[in-house]
Amino acid sequence: MGGNYRLRQLHSSCPIPTINFQSAKPKNSYPSKKTSTSQNNKKKQNFSTTDSDIVKWNIAITTHMRNGLCESALRVFNSMSRRSSVSYNAMISGYLRNHKFDLARDLFDKMPERDLFSWNVMLTGYVRNRDLKTARALFERMPERDIVSWNAMLSGYAQNGFVDEAREIFDKMPLKNGISWNGLLAAYVQNGRIEDAKRLFESKMDWTLVSWNCLMGGFVRKRRLLDARSVFDRMPVRDEISWNTIISGYAQNGEMEEARRLFEESPIQDVFTWTAMVSGYVQNGKLDEARSIFDRMPEKNSVSWNAMIAGYVQCKRMDMARELFEEMPSRDASSWNTMITGYAQSGYIAHARNLFDNMPQRDSISWSAMIAGYSQNGCSEEALHFFVEMQRDCERLNRSSFTCALSTCSNIAALELGRQLHCRLVKAGYQTGWYVGNALLAMYCKCGSIDEARDAFQEILEKDVVSWNTMIHGYARHGFGEEALTVFELMKTTGIRPDDATMVSVLAACSHAGLVDQGSEYFYSMNRDYGITAKLVHYTCMVDLLGRAGQLEEAQNLMKNMPFEPDAATWGALLGASRIHGNTELGEKAAQIIFEMEPHNSGMYILLSKLYAASGRWSDAGKMRLEMRNKGVKKVPGYSWLEVQNKIHTFKVGDTSHPHTDKIYTFLEEMDLKLKQEGYISSTNLVFHDVEEEEKVHMLKYHSEKLAVAYGILYIPAGRPIRVIKNLRVCEDCHNAIKYISKIVGRLIILRDNHRFHYFEGGSCSCRDFW
DNA sequence: ATAGGGTTAG
């Protein structure tokens, strides 16, 4: 590289022959500060450099570097006959500013005499490069340190989630200033340790305005509005940021009236204030109010446009979103990403792909949006392909792309990839901090590794309500109702208030574990103990709980008497219960109502036709299928997939496209014999009657989950669990067969369907056949 | 002339 070569020359050929400054001077390249003619004359006369000349050249270097012109800066540097350490420092700092880390380090290593500035510049370089280990080593090697060095080290730790290390530095510093105090405060706030932040704040007076804002922002992020407000009220001085923080706090929490009142009271409304209001209304589903504010904004930037677009996207009004997207003056990556997400989640994956291909600059969010889109649309192979490409494309995953990637792993249940991400996350120093812990926890839950989920949960230092909810929900979905309730009891002792989401998980846990009485008790305790008003979703949980336990009468009574109109999910719970307990009449009634609510819900047709088939009403079952065809309802195709050696293998019904198809089918044929010996009978009455008996058996045999399980048994080493994911609910016959298979092959088979986890082991399933 | 911090909207 030219730059390196020239540097080497520079250092090996000292002293450099004096050159004519005038001719080497780049045109218009340095500040036209007045220079006395006498000095210039003197310079010309004896070809020597004065100190004030060096200063001028140094300024030139800095100017070039600030404009991103590293080459020009280097040219100036090379042309100098004498250099001070400032010249070197300016070069090093400039290289770092322009992300040329290696050049900076080379020059630092080669410079003749390093002063405190040089060390501090380099220290910051390592910190910015997030190489805390090397930064610390350099810090220890420094011949002397001043408060700048200490603060740089402190903030390095703080920004990368090493709160305890930051605290260590803070405690060791011989001298602290406002920056040091605020650095530690921000470390706590950014890493979610709001209680520590609060304690620190109370330990001293005379905080700067920024620190007041910082603490208030921390409370807002934790949704502790009362605490945030008390900080706001106690602040000795307020700036725009203080007002904007509290206003957006209220807006994000749906308290729009208070937000509006403060908006009017605020001395200044800037683009932040206005946008906070717009997004507040958007987040509370009040699109018209949001739009009217948006239209009245005196000044908009891309964030404001994006907030409004996101509002339309949320309501799946992609036409309106598109209109604004086309109309906005300058789109940033976020605008594109919002649209991509919107299209992908509305099922327009091709539209999403089109935008993705055409956007000027993709970031990790764009990739994640496509991956999530593909996996939600059942295209897990494309999802995985994009995932691998993303890692290649993004040179460094940042904290939020890690979180996105983790949630992608959760969606497609790619446990191995998730584990790898976990390792890379630790290496990058991101294992703690906002959201990352919860994302890891959720990943392990959804990927079906409840033990690793528990470990991840225990590693979260300051568990928030989301952490607890995720853990409880995870246990519930895995069928570990008792464990879920134990965690819930533990949560109550920590002083974290359960919220309505907690209670959904708790009720679901009772439901999956068949704990009717306990579930009812929890349901009544919601309001009594925690002041939580039961929402429709809680009633639906109760219908599910009672229904599964066979108390269909009670379930119906609850639906009649509850203060809400049942929605499709409520009726769905009743339908599921009717199916389990063979009550065709009730199931039919529920299904009819769901048809009216969701005429294109293919799952319901299939569930109902199975219900008919199960009770031998073949013609009704056939009618359902015909009606489905007439109405143009498309059946969502069933997929199952599993991860083997970092690859996702996807199967659909009767799939023969897999390279190991022959082995899989041979295995299943052999398994068939063994199954029969074990007493398994294929429940052929569960498929449509107008299929020939022989074909029926065939269809059942080749369901996607069976193919995936077979592949797993063949290619996953003995002793390891086989984890299969299905995008729909597991077929009843397959469920039955897999129970037997688990016994015959002596393997643990973990199946995630779109409702819960099934642990097949030794001939039985953790769902106890209720799902 | 060169080095350190933090807060608000998508």
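Labels below follow one simple rule: chain letters A, B, ... track the order of the sequence lines, proteins then strands, and each chain is numbered from 1. All values derive from a computational prediction rather than experimental measurement.
- One interatomic measurement links the two molecules: CZ of A/Arg97 to P of B/dT2, which rounds to 9 Å at whole-angstrom precision.
- A straight line from CG of A/Asn89 to C1' of B/dT2 spans 5 Å, rounded to a whole angstrom.
- A/Ile194 has its CD1 atom 13 Å from the C1' atom of B/dT7, to the nearest Å.
- Here the P atom of nucleotide B/dA9 and the CG atom of A/Asp332 are 15 Å apart, to the nearest Å.
- Nearest to the side chain of A/Val55, among B/dA1, B/dT8, B/dA3, sits B/dA1.
- No contact: A/Gln269 has no heavy atom under 4.0 Å from any strand.
- Residue A/Arg261 is tested with A/Glu264, A/Glu265, A/Glu257 for a side-chain hydrogen bond (donor to acceptor under 3.5 Å, both in side chains); the sole match is A/Glu265.
- Of all nucleotides listed (B/dA9, B/dA1, B/dA3), B/dA9 comes nearest to the side chain of A/Ser279.
- Between B/dG10 and A/Gln283, a contact under 4.0 Å exists linking OP1 or OP2 to a side-chain N or O.
- At a threshold of 4.0 angstrom between heavy atoms, the contacts of A/Ile61 with the nucleic acid are absent.
- Rounding to the nearest 0.5 angstrom, the gap separating the CD atom in A/Gln269 from the CE atom in A/Met297 is 11.5 Å.
- Among the protein residues, A/Ser334 comes within range of the nucleic acid bases, having at least one heavy atom under 4.0 Å from a base atom.
- Contact of A/Asn306 with B/dG10 (side chain to base): a donor-acceptor pair of N or O atoms is detected under 3.5 Å.
- The side chain of A/Ile179 approaches B/dG4 more closely than any other nucleotide in the set B/dG4, B/dA9, B/dG10.
- Comparing B/dA9, B/dT7, B/dG4 by their nearest atom to the side chain of A/Val271 picks out B/dA9.
- Between the CG atom of A/Asn182 and the SG atom of A/Cys214 there is a distance of 5.5 Å, given to the nearest 0.5 Å.
- Relative to the side chain of A/Val86, the nucleotides B/dT7, B/dA1, B/dA3 differ in distance, and B/dA1 lies closest.
- Atom CG of A/Leu184 is separated from atom P of B/dG4 by 20 Å (rounded to the nearest Å).
- The side-chain hydrogen bond (donor to acceptor under 3.5 Å, both in side chains) test with A/Asn244 is passed by exactly one of A/Asp239, A/Thr273, A/Asn213: A/Thr273.
- A close approach under 4.0 Å does occur between a side-chain nitrogen or oxygen of A/Ser93 and OP1 or OP2 of B/dA3.
- In the set B/dG10, B/dG4, B/dG5, the nucleotide with an atom closest to the side chain of A/Gln159 is B/dG5.
- A side-chain hydrogen bond (donor to acceptor under 3.5 Å, both in side chains) with A/Asn306 is found for one member of A/Asn301, A/Asp332, A/Thr338 and no other, namely A/Asp332.
- Base contact: A/Thr208 has a heavy atom under 4.0 Å from a base atom.
- A/Lys176 NZ: more than 12 foreign heavy atoms inside a 6.0 Å radius.
- Judged by atom type and distance alone, A/Asn177 does not reach the base of B/dG5 through any side-chain donor-acceptor pair under 3.5 Å.
- Remark: A/Asp288 does not engage A/Arg291 in a salt bridge, criterion side-chain N to carboxylate O under 4.0 Å.
- Summarising the geometry, the separation between CE on A/Met122 and C1' on B/dA3 is reported as 12 Å, rounded to the nearest angstrom.
- Taking 3.5 Å as the limit, the base of B/dA9 and the side chain of A/Asp270 contain no donor-acceptor pair of atoms between them.
- Summarising the geometry, the separation between CG on A/Leu96 and P on B/dT2 is reported as 15 Å, rounded to the nearest angstrom.
- Salt-bridge annotation for A/Glu326 and A/Arg322: present, with a side-chain N of the basic residue lying under 4.0 Å from a carboxylate O of the acidic one.
- Side-chain proximity of A/Ser302 to the nucleotides B/dT2, B/dG10, B/dG5 is greatest for B/dG10.
- Nearest nucleotide to the A/Asn151 side chain, out of B/dG5, B/dG4, B/dA9: B/dG4.
- Nucleic acid contact for A/Gln314: none, since no nucleic acid atom lies under 4.0 Å from a heavy atom of the residue.
- Between A/Phe201 and A/Trp207, the ring planes lie parallel to each other; the angle is under 30°, not in the 30° to 60° tilted range.
- Nucleic acid contact for A/Asp115: none, since no nucleic acid atom lies under 4.0 Å from a heavy atom of the residue.
- The distance between atom CG of A/Leu215 and atom P of B/dT8, rounded to the nearest whole Å, is 12 Å.
- Taking the ring centre of A/Trp274 as origin, the terminal cationic atom of A/Lys300 falls outside the region bounded by 6.0 Å and 45° from the ring axis.
- Close to B/dG4, at under 4.0 Å from its OP1 or OP2, lies no side-chain N or O of A/Arg145.
- Distance from the side chain of A/Ile59 is smallest to B/dA1 among B/dT2, B/dA3, B/dA1.
- Closest approach to the A/Ser84 side chain among B/dT2, B/dG4, B/dA1 is made by B/dA1 (side chain taken as heavy atoms from C-beta onward).
- Contact check, A/Arg66 against B/dT2: a side-chain N or O comes under 4.0 Å of OP1 or OP2.
- Residues from residues 235-244 of chain A lying near DNA chain B, meaning a heavy-atom separation below 4.0 Å, are A/Ile241, A/Asn244 in numerical order.
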